[in-house]
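Okay, structure first, notes after.
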Protein chains: 2
Amino acid sequence: MTTTISKRTLERLSLYRRLLSDRLGKESPFIFSHQLAKLVQVTSSQVRRDIMVTGCFGNPTRGYRVEDLIEAIGKIVDAEEPQNVVLVGIGKLGSALMNHFHGRRPNLRIKAAFDSSPERINRIYQGVRCYGMQDLAQVIRDESAYAAILTVPGDVAQQVANQLVMAGIRGILNFAPVPLHLPGNVYVEVIDLTTSLEKVTFFARQSAGAQVS
Amino acid sequence: MTTTISKRTLERLSLYRRLLSDRLGKESPFIFSHQLAKLVQVTSSQVRRDIMVTGCFGNPTRGYRVEDLIEAIGKIVDAEEPQNVVLVGIGKLGSALMNHFHGRRPNLRIKAAFDSSPERINRIYQGVRCYGMQDLAQVIRDESAYAAILTVPGDVAQQVANQLVMAGIRGILNFAPVPLHLPGNVYVEVIDLTTSLEKVTFFARQSAGAQVS
DNA sequence: TCTTAATCGTGAACATTGTAACGATGTGAA
DNA sequence: TTCACATCGTTACAATGTTCACGATTAAGA
């Protein structure tokens with residue numbers, strides 16, 4: 001509770017849990033720090049440090065109990081109750097994400113979608129209804145949603161983000177290609193697809209060495 | 001050339017360029033570090049330091065010439081010639097990304113897609129042909145592609161990544177929900193959608209304060 | 001029981017990344 | 001021409017994040 005958990009640590013914990021869940025039942029019910037380290041490609045020191053914040057204790061001869069780790073990480077990462085999420089902008093990317101997240105984490109539920117395009121409104125995507133933008137505040141309050149996925153075009157992203165915050169949203173996963181200017185108490189996680197791809201080509205080029213012919 | 005550019009710096013440079021390009025023609029042809037800083041939400045020191053690596057020089061009374069910055073960043077981020085990219089796994093997410101990247105950066109061209117599903121093979125997506133997996137190595141060599149976008153299910157991601165590397169790929173943008181184990185000279189940029197959304201809900205919850213009622 | 005061998009938990013060293021500070025510089029006004 | 005002023009370029013500093021190193025711990029085997 002009092003321990004503050006950094007972004008990086010949380011990322012790794014989330015990943016640890018996912019890999020541990022995959023492994024559960026397949027291998028030994030225990031795992032050593034160096035084994036988990038190999039799976040996620042970090043050092044074993046890093047793993048042990050991260051596990052420290054979960055309050056989980058390992059055993060020097062058996063390692064950590066996988067089930068305990070999963071549960072302890074869950075206590076940090078998950079809320080007590082399932083978290084309701086909304087998605088704004090159900091174009092190709094938006095509906096692909098709707099599809100992607102559907103049923104992936106039991107505690108994260110996309111409860112509503114929003115779009116401005118009339119032909120999308122009132123349609124059902126993965127069992128989730130798409131509303132018009134005018135219903136945004138009402139639906140978000142009704143669903144007690146605190147987090148949103150933003151997949152609208154860049155030129156309207158800021159304005160939509162403002163509406164979300166007004167409606168009570170406190171965390172945004174932003175796929176729009178512009179930085180959002182929002183109050184400091186709103187957490188924004190940016191997924192910048194263009195920059196990511198540019199990074200890949202840049203470092204690929206570096207490691208590929210001199211261009212051939 | 002000899003200067004080594006960190007991941008973080010490259011991310012910011014990519015973003016600077018994008019915002020500067022948007023601004024070009026609309027505002028003054030010059031910009032101060034603090035103005036750019038406000039746009040991307042970093043400190044002006046950070047901006048000036050990042051610009052240092054571009055070799056671009058500003059003027060204490062006018063600031064930086066926007067065009068010069070865009071060009072200088074391009075010399076770092078872009079290759080001399082357009083970079084060919086391939087996409088593997090043209091499901092919903094894959095085709096949404098195909099759509100997203102289509103024509104977005106002139107220097108990054110998706111030249112081929114691959115999938116194992118017969119009904120997708122030989123179809124055209126955004127003017128780009130989808131090939132079967134057996135053609136992967138040949139097409140990648142023919143197109144001189146060094147970077148790939150990976151949007152296949154987690155259970156085949158590693159195997160597909162191995163094939164990509166064998167075919168000459170040196171950078172992968174990985175959307176599959178598993179870490180890839182590849183040689184050190186292959187750059188992997190991970191977009192972990194689940195972890196990202198978990199982060200958002202975690203920090204949203206923290207800043208939302210105590211749960212209401 | 002005692003030894004051995006591997007791993008854990010954690011303080012301290014180290015590396016990386018971001019911020020602040022400050023002399024240098026260029027322009028407009030007196 | 002000289003002064004005032006805002007910003008740049010760069011170095012020094014601070015904060016954050018990662019790795020090292022080592023005593024503590026556990027269980028298996030002699």
Side-chain angles (χ1 to χ4, degrees), chain A residues 2-16 20 27-69 72-73 76 179 184 187 190 195 199 203, chain B residues 2-16 20 27-69 72-73 76 179 184 187 190 195 199 202-203 206:
Chain A
T2 45
T3 321
T4 173
I5 291 177
S6 81
K7 229 173 112 164
R8 290 290 178 83
T9 301
L10 192 75
E11 284 173 9
R12 285 189 299 265
L13 288 176
S14 165
L15 182 56
Y16 295 162
L20 290 169
E27 310 256 345
S28 156
F30 290 87
I31 191 168
F32 292 119
S33 62
H34 62 84
Q35 294 177 301
L36 183 50
K38 198 165 188 183
L39 286 177
V40 303
Q41 296 175 79
V42 299
T43 64
S44 58
S45 308
Q46 183 76 79
V47 169
R48 293 200 299 277
R49 266 238 179 273
D50 291 336
I51 290 176
M52 270 179 73
V53 310
T54 68
C56 220
F57 281 78
N59 174 311
T61 41
R62 294 196 183 158
Y64 302 90
R65 189 180 182 77
V66 175
E67 276 189 45
D68 291 353
L69 284 179
I73 295 173
I76 291 175
Y187 179 82
V190 178
T195 290
K199 260 162 79 182
F203 289 111
Chain B
T2 46
T3 321
T4 173
I5 291 177
S6 82
K7 230 173 111 164
R8 290 290 178 83
T9 301
L10 193 75
E11 284 173 9
R12 285 188 298 265
L13 288 176
S14 166
L15 183 55
Y16 295 161
L20 290 169
E27 310 258 346
S28 156
F30 290 86
I31 192 168
F32 293 118
S33 61
H34 62 83
Q35 293 177 300
L36 183 50
K38 197 166 189 183
L39 286 178
V40 303
Q41 297 175 77
V42 299
T43 63
S44 57
S45 306
Q46 183 76 77
V47 169
R48 292 200 299 276
R49 243 171 76 143
D50 290 336
I51 290 176
M52 269 180 72
V53 310
T54 68
C56 220
F57 281 78
N59 173 310
T61 42
R62 293 196 184 160
Y64 302 90
R65 189 179 181 79
V66 175
E67 276 189 44
D68 291 353
L69 284 179
I73 294 173
I76 291 174
Y187 179 82
V190 178
T195 291
K199 262 161 78 181
F202 178 82
F203 289 111
Q206 286 207 332

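The sequence lines fix the lettering, A, B, ..., with proteins before strands; numbering per chain opens at 1. Because the structure is a prediction, the values reported are computed rather than measured.
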Problem set entry | Any Thr61(B) side-chain N or O less than 4.0 Å from OP1/OP2 of dA6(D) | no
Exercise. Heavy atoms under 4.0 Å, any strand shown: does Ser6(A) hit a base, just sugar-phosphate, or nothing?
Worked result: sugar-phosphate
Problem set entry | Considering all heavy atoms, the nearest Tyr64(B)-Phe57(B) contact | CD2-C, 4.0 Å
Exercise. Can you check whether Arg62(B) has a side-chain N or O nearer than 4.0 Å to OP1 or OP2 of dC8(D)?
Worked result: no
Exercise. More 5' along DNA chain D: Val42(A) or Ile31(B), using each one's nearest nucleotide?
Worked result: Ile31(B)
Exercise. With a 4.0 Å cut-off on heavy atoms, is Arg49(B) in touch with a base, just the backbone sugar-phosphate, or nothing at all?
Worked result: base
For this session: For Arg65(A) and dT7(C), give me the distance from atom CZ to atom P, rounded to whole Å.
Result: 19 Å
Exercise. Quick one: Arg8(A) CZ to dG17(D) P, roughly how many Å, whole number?
Worked result: 7 Å
With the criterion being N/O to N/O and under 3.5 Å, what pairs connect the protein with nucleotides 21-24 of chain D, and how long is each?
{"from": "dA21(D)", "atom 1": "N6", "to": "Arg48(A)", "atom 2": "NH2", "distance (Å)": "3.3"}

Exercise. So what does Ser33(B) hit on the nucleic acid, given a heavy-atom distance under 4.0 Å: a base, only sugar-phosphate, or nothing?
Worked result: sugar-phosphate
Exercise. So with a 6.0 Å cut-off around CD of Glu67(A), is the heavy-atom count from everything else above 12?
Worked result: no
Exercise. Between Leu13(A) and Ile76(A), which heavy-atom pair has the shortest distance, and what is it?
Worked result: CD1-CD1, 4.4 Å
Seminar exercise, completed: Among dT26(D), dT7(C), dG26(C), the one nearest any side-chain atom of Asn59(B) is dG26(C)
Problem set entry | Heavy-atom pair with the smallest gap, counting every atom of Ile73(A) and Tyr16(A) | CD1-CB, 3.9 Å
Exercise. Rounded to whole angstrom units, what separation is found between the CD atom of Glu11(A) and the C1' atom of dT18(D)?
Worked result: 14 Å
For this session: Find the distance Gln41(B):CD to dG18(C):P and express it as a whole number of Å.
Result: 15 Å
Exercise. When we call it a touch if two heavy atoms are under 4.0 Å apart, what does Thr9(B) touch: a base, just sugar-phosphate, or nothing?
Worked result: nothing
Exercise. Considering the options Leu39(A), Leu20(A), Val40(A), which one meets the side chain to side chain contact (heavy atoms under 4.5 Å, CB included) requirement together with Leu15(A)?
Worked result: Val40(A)
Exercise. Expressed in angstrom and rounded to an integer, what is the separation of Tyr64(A) atom OH from dT7(C) atom C1'?
Worked result: 8 Å
For this session: Of all the heavy-atom pairs spanning Phe32(A) and Arg62(A), show the shortest one and how long it is.
Result: CE2-C, 3.3 Å
Seminar exercise, completed: Rounded to whole Å, the CZ-P distance (Phe32(B) to dT25(C)) equals 18 Å
For this session: Rounded off to whole Å, could you give me the CE-to-P distance for the Met52(A) and dG11(C) pair?
Result: 7 Å
For this session: Please test Asp50(A) against Val42(A) for side-chain contact (heavy atoms from CB on, under 4.5 Å), starting from the C-alpha separation and ending with a verdict.
Result: CA-CA 11 Å; Asp50(A) 291 336; Val42(A) 299; 5.7 Å; no
Exercise. Over how many whole Å does the gap from Ile5(B) atom CD1 to dG18(C) atom P extend?
Worked result: 14 Å
